[in-house]
Each structure stands twice: as structure tokens, then as C-alpha cells.
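Keep in mind the model is a prediction, meaning the values are calculated, not measured. Within every chain, numbering begins at 1; the chains are lettered A, B, ... in the order of the sequence lines, protein sequences first and strands thereafter.
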2 protein chains.
Amino acid sequence: MNKSSSSVAEIQNQTDDKTLSGQTTLALREAIIKGDIAPGEKLNEPKLAEQFQVSRGPLREAIRRLVAMRLVKHVPHVGATVVTLELKSILELYDVREALEGKAAALAAENMSPQDIAKLRSLLELHRQHSEDNPGQYMQTDGDFDFHYQIIKGSGNQLLTDQLCDELYHLIRMFRFQTSRFKSRSNRALIEHEQLIYAIEQRDPQLAEMLMRKHIARAKTAIKQALGNIESSDIEPSSVK
Amino acid sequence: MNKSSSSVAEIQNQTDDKTLSGQTTLALREAIIKGDIAPGEKLNEPKLAEQFQVSRGPLREAIRRLVAMRLVKHVPHVGATVVTLELKSILELYDVREALEGKAAALAAENMSPQDIAKLRSLLELHRQHSEDNPGQYMQTDGDFDFHYQIIKGSGNQLLTDQLCDELYHLIRMFRFQTSRFKSRSNRALIEHEQLIYAIEQRDPQLAEMLMRKHIARAKTAIKQALGNIESSDIEPSSVK
DNA sequence: TGAGTGCGCATTGTCAACAATATCTTGTTT
DNA sequence: AAACAAGATATTGTTGACAATGCGCACTCA
């Protein structure tokens with residue numbers, strides 16, 4: 001397959017695109033995800049082009065790619081704005097994740113090579129150990145995503161992988177940045193991951209799918225409960241500069 | 001909701017984009033789906049710009065949008081080519097459909113309004129009648145898609161709807177055009193649709209999801225059997241001019 | 001004759017100026 | 001004073017020219 005990537009930082013795709021529009025896409029994407037450009041904010045082409053030291057051409061292209069990633073909304077003759085992740089959108093995102101990643105887990109149980117399964121288990125052990133050493137850890141969520149990422153890739157379905165890792169993944173990252181205060185420090189995820197990898201090792205697609213779906217559905221419920229009351233009062237654009 | 005659309009021809013989104021790049025996107029998309037530009041063929045920017053009577057700017061933008069729709073592959077400094085739908089990609093597509101449309105059916109069973117369910121049933125009756133009148137019909141597949149389309153929209157999940165109807169839908173259309181000779185004339189789909197709508201009327205999400213998944217999985221199996229032997233011998237670019 | 005190298009051409013990437021559209025401001029009218 | 005209309009301004013859409021990269025061809029040399 002590819003090189004044995006496992007770190008989140010390594011996930012960055014499109015790294016081999018030395019073209020200006022490619023570079024601008026990466027820069028603009030990170031600026032949006034990290035909140036340097038606030039949700040709902042308008043993307044002024046001349047201003048941003050100046051800021052990124054490129055012409056409007058490549059910048060426009062970058063914007064269109066971010067539209068495809070659903071990080072940006074665009075209206076003809078009006079302009080592009082950063083998406084605002086209100087609760088409804090996030091819950092929708094988790095329903096889609098449940099469907100896609102559930103199927104990914106099932107396919108992984110069928111297709112994943114023994115070597116990749118072994119790597120997945122060692123990754124889990126790594127996270128478990130880190131979790132024991134640092135009780136109030138915040139690497140939890142990143143570790144969670146490493147795990148999911150490996151399973152998705154293990155599905156062997158390129159379309160599925162593209163949809164999850166190239167598009168929806170960045171939406172999730174953006175949401176995580178905006179709500180990084182509420183990092184769930186429960187080690188429940190660790191237990192559920194343990195069950196999941198067991199199902200994959202047993203080559204049980206149905207069980208793997210069900211476990212993954214419950215895992216994500218639980219996360220969705222937790223989000224709903226945490227954000228359901230406050231909604232837009234505490235989810236403000238956040239001056240995270 | 002929206003206007004009560006039901007015809008396939010009416011599905012065309014992006015119709016309100018009077019901009020040149022928008023129009024060019026539609027034209028180029030149809031040219032690719034219908035095979036006027038063959039699978040694997042290179043998209044020559046100056047040539048196509050001349051052909052569509054636009055500058056290279058809007059044309060490039062159209063290409064990028066088709067890349068997002070997965071109808072076109074692009075390599076920096078080399079160019080864009082129409083995707084080639086080999087069997088593997090198509091099976092992958094159907095796995096993704098199974099996951100997403102399964103979830104859509106479950107959500108539709110929960111959220112669809114009684115009025116929309118009634119419209120869905122009348123649509124089914126329309127197709128059944130058409131099927132009885134014309135035993136060797138070829139409206140079957142289009143009717144099939146109308147049905148699926150309405151259920152997806154009935155899910156009430158905007159992200160899910162966008163992913164299926166704005167992106168994957170066109171891939172499916174392209175595949176259908178290329179294999180239009182093998183139109184399955186079985187009325188099995190009609191029976192399965194009947195079961196599905198019953199589950200939705202009963203507000204049974206789990207049953208609806210399972211029926212939808214089996215429905216799509218069966219279609220996948222049929223495709224595998226029909227194309228598994230011949231593969232690239234009969235799926236040639238096809239000079240459908 | 002075959003392999004390798006360098007040149008030339010075709011194509012993609014980028015830029016800055018121009019055109020078209022929307023938004024904002026200002027003034028007028030009721 | 002509020003609402004509407006018309007003009008001014010800012011922003012997006014489009015264009016053609018220029019730069020950079022890749023590819024193919026021919027030519028050379030072993």
C-alpha cells in the first residue's frame with residue numbers, strides 16, 4: 001500500500017502539489033480549520049490574494065477546492081464564506097460518518113492484511129499506554145482519529161477512503177478545533193476500540209460494523225447533550241486567534 | 001420543501017448558476033456522462049475552451065468541479081482526464097451507496113412527512129403501471145432512480161443528500177450510460193421498492209435500512225456477475241457518438 | 001542499430017487588466 | 001421620518017497574454 005503512515009500530522013494529503021493553487025489550498029484550509037478566518041466570515045479575494053502573496057487565479061481555485069470539501073459555501077456573484085457549524089450540521093455529519101465508517105469497519109474486517117491489523121493493535125496499545133501515563137490527556141482525540149484513519153484505509157475501498165479522509169475529515173477537524181474545550185477525557189473510546197479491533201481480528205464484518213456504528217452514535221449523543229442546551233451561545237465564532 | 005420534483009430531467013441542479021463556469025460545468029459534465037468525451041480521454045484546455053466558446057478560466061473551473069464530482073482525474077502540470085470506470089471502481093461505488101442510501105432510508109422512515117410518503121407511493125404506482133403496459137420497458141432504471149432520489153431527499157439530511165445527489169449520482173449516471181445495453185428488465189426492483197415503502201410507512205428505520213441495503217447489494221451482485229467475465233473487453237470506451 | 005541527450009513544441013499554471021454584477025450610500029419623495 | 005430609487009463603489013466573473021513545466025522528436029554517439 002502506501003507508506004505506513006500513522007501520525008495525524010502525516011495525514012496531510014496534496015503535499016506533492018507544488019503548484020501555487022495547491023499550496024494556497026493547504027494554507028487557506030488550515031487558516032479556516034484553525035479559526036484564523038472565523039466561521040461565517042466572507043472570503044475577500046483581493047485581500048486574501050494579497051495575504052497569501054498570490055494572484056486571484058490560484059486563490060479562486062483554492063476556494064473552489066474548499067467548497068468541494070464543504071469548508072466553504074459559495075454563491076455566484078456574491079462570494080464565498082466560511083461554513084458555520086451549527087449543531088444540526090454536526091449531527092448530520094455524524095450520521096454520515098456512522099454509515100460510511102461502519103461500512104469501512106466491515107470491509108476492514110474482510111480485507112485488512114494481518115500485518116496492518118497488527119500495526120493497528122500496536123497503535124491501540126500505544127494510545128492505551130499514553131492514556132495511563134497522562135490521566136488528563138488531550139491526545140485522546142488525535143489518537144482516536146489515528147485509529148479510525150487506519151481502519152478506513154484498511155477497508156481497501158478507495159472511494160470510501162477519499163470521501164472520509166480527503167473531505168469529511170477536515171470538517172471534523174474544524175469542529176474539533178472549535179470545541180476543543182470539551183475534550184471528552186473518558187477512556188470509553190479505548191474500550192470500544194479494543195472491541196472493534198477484536199472483531200476485525202476475528203474477521204467478523206457484521207460485528208465490526210455494528211461496533212463502529214455504536215461507537216460513532218455514542219459520540220453523536222454526547223455531542224448533542226453537550227451542545228444541545230447552549231447551542232449558539234457558546235459556539236460563537238470564537239476569537240481563537 | 002422544494003418544488004415537488006420527481007422527473008429525472010428535473011433533477012439537474014446548479015440550473016440557477018447563470019455564470020459561464022457554471023454553464024460550462026453542466027455542458028462538460030453531460031458530455032462526459034454521455035460519452036461524447038470518452039473515458040480515459042485527455043481534457044485539452046484550449047481545445048475545449050474553443051469548443052464551448054469560453055475562455056480557459058471558466059473551463060478550468062468547470063474541470064475542477066468535475067474533479068470534485070469524481071468524474072475527472074487531475075495531475076498537476078500534466079492535465080485532466082476522464083475517469084475510467086473499471087469493475088473495481090463500480091463495486092466500490094455500490095458499497096458506498098449501500099452505506100449511504102441505507103442510512104438515508106432509515107432516516108426517511110423517521111423523518112419523511114406523510115405527504116411525501118404519499119407522493120412516493122403514487123410514484124411507485126406510476127412506475128408499476130408503466131411497467132405493466134410496456135413489458136420490455138427501459139424506463140425502469142430511470143424510475144428506479146426517481147424512487148431512490150425521493151427517499152434520499154426524504155432523509156432530511158442535507159449533507160447526505162449533497163453527497164449522493166450532487167456527487168455520486170453523476171458517477172452512477174455515467175456508469176448507466178456506458179452499460180445501457182444490459183438494462184435489467186426484471187420487475188424485482190418493483191417488488192423491493194414496494195417492501196421499502198411499506199417499511200417507511202410503518203416508520204421502521206431498521207427494516208427500511210436493511211431492505212435498502214439488500215436492494216443495492218443485489219444490484220451490485222448482478223453487476224459483478226454481468227461484467228465479471230468480460231471486464232474490459234466489452235466495456236470499451238464505446239464509440240457512442 | 002540502439003540508447004541516451006538535448007532541443008523545440010504543446011500544454012498547463014499564473015498574472016494583471018477589463019467587464020458585469022451586487023451592495024452600499026445618498027438623495028428624494030411621500 | 002421612513003421607504004424607495006438612482007448613482008457610486010467594491011467585489012466577483014472573464015479574458016488574453018506571459019511564464020513554467022512536461023513531452024516528443026530528432027540527432028548524436030557508442
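Taking atom CZ on B/F52 and atom C1' on D/dT15, their separation rounds to 18 Å, with Å as the unit. Atoms CD (B/Q53) and C1' (D/dT15) sit 14 Å apart, rounded to a whole Å. Following rounding to the nearest Å, A/R65 (CZ) and C/dG13 (C1') show an atom-to-atom distance of 11 Å. In this structure, A/E50 atom CD and D/dT11 atom C1' are separated by 16 Å, rounded to whole Å. Look at NZ on A/K42: it is 8 Å from C1' on D/dT12, rounded to the nearest Å. Rounded to an integer number of Å, the gap from A/D17 CG to C/dT12 P is 15 Å. Atom CG of A/L20 and atom P of C/dT12 are 18 Å apart (whole Å). For B/E45 and C/dT11, the CD to P distance is 10 Å, given to the nearest whole Å.
Of the two residues near DNA chain C, A/V78 and B/G79, the one whose nearest nucleotide lies more 5' is B/G79. If you find the closest nucleotide of DNA chain C to A/P76 and to A/V54, the one lying nearer the 5' end belongs to A/V54.
The side chain of B/N44 lies closest to C/dT11 when the candidates are C/dA16, D/dT12, C/dT11. Side chain of A/S55, nearest nucleotide from C/dA16, C/dT12, C/dG13: C/dA16. The A/H77 side chain lies nearest to C/dT21 when the options are C/dT21, D/dG22, D/dT12.
Using a cut-off of 4.0 Å between Lys/Arg side-chain N and Asp/Glu carboxylate O, A/E92 and A/R70 are scored as not salt-bridged. Residues B/R65 and B/D17 are paired through a salt bridge, judged by an N-O separation under 4.0 Å between the basic side chain and the carboxylate. Checked for salt-bridge contact, A/R173 and A/E30 meet the test: a charged N lies under 4.0 Å from a carboxylate O.
Using a 4.0 Å cut-off, no side-chain N or O of B/K47 falls inside it from OP1 or OP2 of C/dA10. The shortest distance between the side-chain N/O atoms of B/H74 and the OP1/OP2 oxygens of C/dT11 is not below 4.0 Å. OP1 or OP2 of C/dT14 lies within a sub-4.0 Å distance of a side-chain N or O belonging to A/T19. In terms of phosphate contacts, A/S21 brings a side-chain nitrogen or oxygen within less than 4.0 Å of OP1 or OP2 of C/dT14. Phosphate contact (OP1/OP2 of C/dG13, side-chain N/O of B/R60, threshold under 4.0 Å): present. Residue A/R56 places none of its side-chain N or O atoms closer than 4.0 Å to OP1 or OP2 of D/dT12.
Within 6.0 Å of atom NZ in B/K42, more than 12 heavy atoms from other residues, nucleotides or ligands are found, so the atom counts as buried in its surroundings. A 6.0 Å sphere centred on CD of A/Q51 holds more than 12 heavy atoms belonging to other residues, nucleotides or ligands.
Using a 4.0 Å heavy-atom distance criterion, B/L43 is classed as a sugar-phosphate-only contact. Base contact: B/G57 has a heavy atom under 4.0 Å from a base atom.
Ring pair A/Y149/A/Y169 is tilted by interplanar angle, where 30° to 60° counts as tilted.
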